[in-house]
Amino acid sequence: MLDHLTYTAPEPKVIAGAKGDWELVIGLEVHAQVASNAKLFSGASTTFGAEPNSNVSFVDAAMPGMLPVINEYCVAQAVRTGLGLKAAINLTSAFDRKNYFYPDLPQGYQISQLYHPIVGEGEIIVDMGPGVARRVRIERIHLEQDAGKSIHDMDPALSFVDLNRTGVALMEIVSRPDIRSPEEAAAYVAKLRQIMRYLGTCDGNMQNGNLRADVNVSVCRPGDYERYQETQDFSHLGTRCEIKNMNSLRFIQAAIDYEARRQIAILEDGGQIVQETRLYDPDRGETRSMRSKEEAHDYRYFPDPDLLPLEIEQGWVDDIAASMPELPDEKKARFVQVLGLSEYDAGVLTAEVESADFFEAVANGREGKQAANWVINELFGRLNKQGLSIADSPVSAAQLGGVLDLIGSGEISGKMAKDLFEIVWTEGGDPAEIAAARGMKQVTDTGAIEAAVDEIIAANPAQVEKARANPKLAGWFTGQVLKATGGKANPATVNELVAKKLGH
Ligand code: ADP
Ligand code: MG
């Protein structure tokens with residue numbers, strides 16, 4: 001089923017500098033909010049947009065004597081995500097304290113997993129067009145707490161803090177530096193988001209900060225990356241800078257491009273890249289230094305004494321594995337191999353699990369290619385135009401299937417089907433009943449069509465003479481017959497009869 005995984009790797013992006021070519025190397029740390037109603041170590045709600053500081057338990061506010069209690073559901077979500085990325089699940093993991101001072105962090109430390117993450121190595125196949133894909137290795141996924149939010153723009157003199165997000169569970173998904181262009185970085189985040197949405201482990205709402213990426217960028221000379229790959233020795237790569245907290249695919253690409261060119265300019269000038277954390281300013285389209293890079297020892301990491309090591313059982317992992325849905329790569333491969341769709345169409349239909357489900361309901365018992373055309377061209381076209389999502393589609397899968405059945409049985413023509421779709425879209429109703437009530441029935445009875453053809457031919461002798469000399473003019477007769485029959489004659493039959501009568 002996974003034959004589509006035979007692909008060629010895309011070329012890395014090359015930037016021509018004044019002193020030769022440069023290539024990009026990119027690694028991402030994605031923070032994905034775990035889809036869970038309660039926080040990682042407390043029972044407080046995670047509802048987005050709640051009144052500030054209303055989703056805060058004593059644990060989240062770090063009241064003295066409060067103890068964290070692990071939320072089993074969040075752990076299961078991390079395991080599920082790991083399995084979705086074909087990753088190793090660590091039956092023993094542990095939580096560490098990452099100490100730093102910030103007003104939106106009442107504990108004075110973040111609980112994270114530095115030394116023993118719950119998920120180990122995995123991979124993501126990043127599609128870059130039919131037959132072209134990049135395999136990006138996942139280094140690890142660890143569970144950690146989110147921080148609160150400081151608000152500086154509500155008052156000229158005061159800052160405010162909202163602790164609703166404090167303690168919400170995050171999965172930090174760390175890639176190897178296998179991404180080679182801004183487009184791949186965006187496609188990687190999109191694919192990760194797609195997989196997690198299929199799994200139901202992260203909503204992936206980037207605007208709400210549900211999915212954010214720290215983007216690491218370095219540049220090297222052609223050939224250096226291959227040497228890194230052979231040896232896994234990072235010294236073949238350039239020094240990286242990390243651009244923090246990106247939550248837009250467009251900005252991720254712009255920031256990488258800017259950052260790579262900034263580094264190239266420094267290097268070509270004889271300078272050195274200082275490893276640091278930078279921020280992207282979308283208004284100016286540039287990255288700015290935020291702080292020098294911290295090392296693990298700056299955070300005084302140590303095992304959290306309030307939490308025992310996390311032990312999970314293989315049987316529990318197996319149960320989660322058994323409940324996994326079909327993932328995008330497998331679904332896409334099935335649509336191509338079993339239903340005969342093009343890779344492009346299969347990609348469009350599997351982009352969101354809701355679209356794939358809708359399509360499958362339409363295609364069930366019908367011709368796959370035709371169902372795909374209707375879903376993509378008519379339905380998606382119309383939904384996009386009106387800014388609607390598939391969940392809000394006025395035409396259900398059953399209704400669209402009904403339209404296709406009428407085409408399949410020859411009762412209506414393709415043109416009539418489009419009119420019928422339009423009626424179902426605006427007025428609703430059962431397609432077969434609407435077609436019957438409005439007399440939408442194509443005439444396939446050759447006798448009736450023949451009579452109409454004869455009539456038009458008899459009434460237009462001059463036109464007949466011209467068409468006999470020039471077969472291209474036969475189309476005029478077909479048009480006249482279709483008009484005379486109110487668009488109900490089957491165009492193919494009309495064409496055939498016209499040609500015969502004109503002696504072509
Ligand atoms: P740290 O914990 O100090 O941030 P990590 O080893 O966790 O360092 O790496 C962070 C991210 O940086 C990973 O996604 C990794 O792939 C990426 N990365 C490491 N080296 C480079 C490099 N030379 N260029 C680009 N990205 C890199
Ligand atoms: Mg890191």
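Keep in mind that what you see is a predicted model, and the values were worked out from it rather than measured. Start at 1 and go down the list; that is how both ligands and their atoms are numbered.
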Evaluate the criterion salt bridge (Lys or Arg N to Asp or Glu O under 4.0 Å) for residue pair Lys331 and Glu352; output intermediate values, then yes/no. CA-CA 11 Å; Lys331 203 181 275 296; Glu352 298 282 347; over 6 Å; no

Can you tell me if Phe58 has over 12 outside heavy atoms packed within less than 6.0 Å of its CZ? no

Is it the side chain (CB and beyond), the backbone, both or neither of Leu237 that lies under 4.0 Å from ligand 1, heavy atoms counted? side chain

Within ligand 1, which atoms have a heavy atom of Phe234 less than 4.0 Å away? 19 (C), 20 (N)

Is Gln275 close to ligand 1, meaning an N/O of one under 3.5 Å from an N/O of the other? no

Suppose the criterion is salt bridge (charged side-chain N to carboxylate O under 4.0 Å, His left out): which pairs have a residue in residues 161-171, not counting sequence neighbours? Asp146-Arg165

Checking heavy-atom distances from atom 1 (P) of ligand 1 to each of Arg240, Glu29, Glu295, the winner is Arg240

Checking heavy atoms under 4.0 Å, the part of Leu28 that sits near ligand 1 is backbone

Kindly state each residue pair satisfying salt bridge (charged side-chain N to carboxylate O under 4.0 Å, His left out) with at least one member in residues 102-116, sequence neighbours excluded. none

Tyr299 and Tyr109 aromatic centres sub-6.0 Å: no

The test is ring pair (Phe, Tyr, Trp, His ring centres under 6.0 Å); show your working for Tyr280 and Tyr258 and say whether it passes. CA-CA 9 Å; Tyr280 179 68; Tyr258 175 89; 7.5 Å; no

Atom indices of ligand 1, in the order listed, that fall short of 4.0 Å to a heavy atom of Pro177: 16 (O), 26 (N), 27 (C)

Between ligand 1 and Glu242, is the shortest N or O to N or O distance under 3.5 Å? no

Give the numbers and elements of all ligand 1 atoms closer than 4.0 Å to a heavy atom of Ser218. 22 (C), 23 (N), 24 (N), 25 (C)

Val25: numbered ligand 1 atoms lying under 4.0 Å from its heavy atoms: 24 (N), 25 (C)

What closest approach, in Å, do Leu163 and Asn53 show between heavy atoms, and which atom pair accounts for it? N-OD1, 2.7 Å

Side chain, backbone, both or neither: which part of Arg176 has a heavy atom under 4.0 Å from ligand 1? backbone

Region of Val174 engaging ligand 1 - heavy atom pairs below 4.0 Å: side chain

Looking only at non-hydrogen atoms, the one of Gly238, Gly27, Ser175 nearest atom 13 (C) of ligand 1 is Ser175

Minimum-distance pair of heavy atoms, taken over all atoms of Ala44 and Asn55: CB-O, 3.7 Å

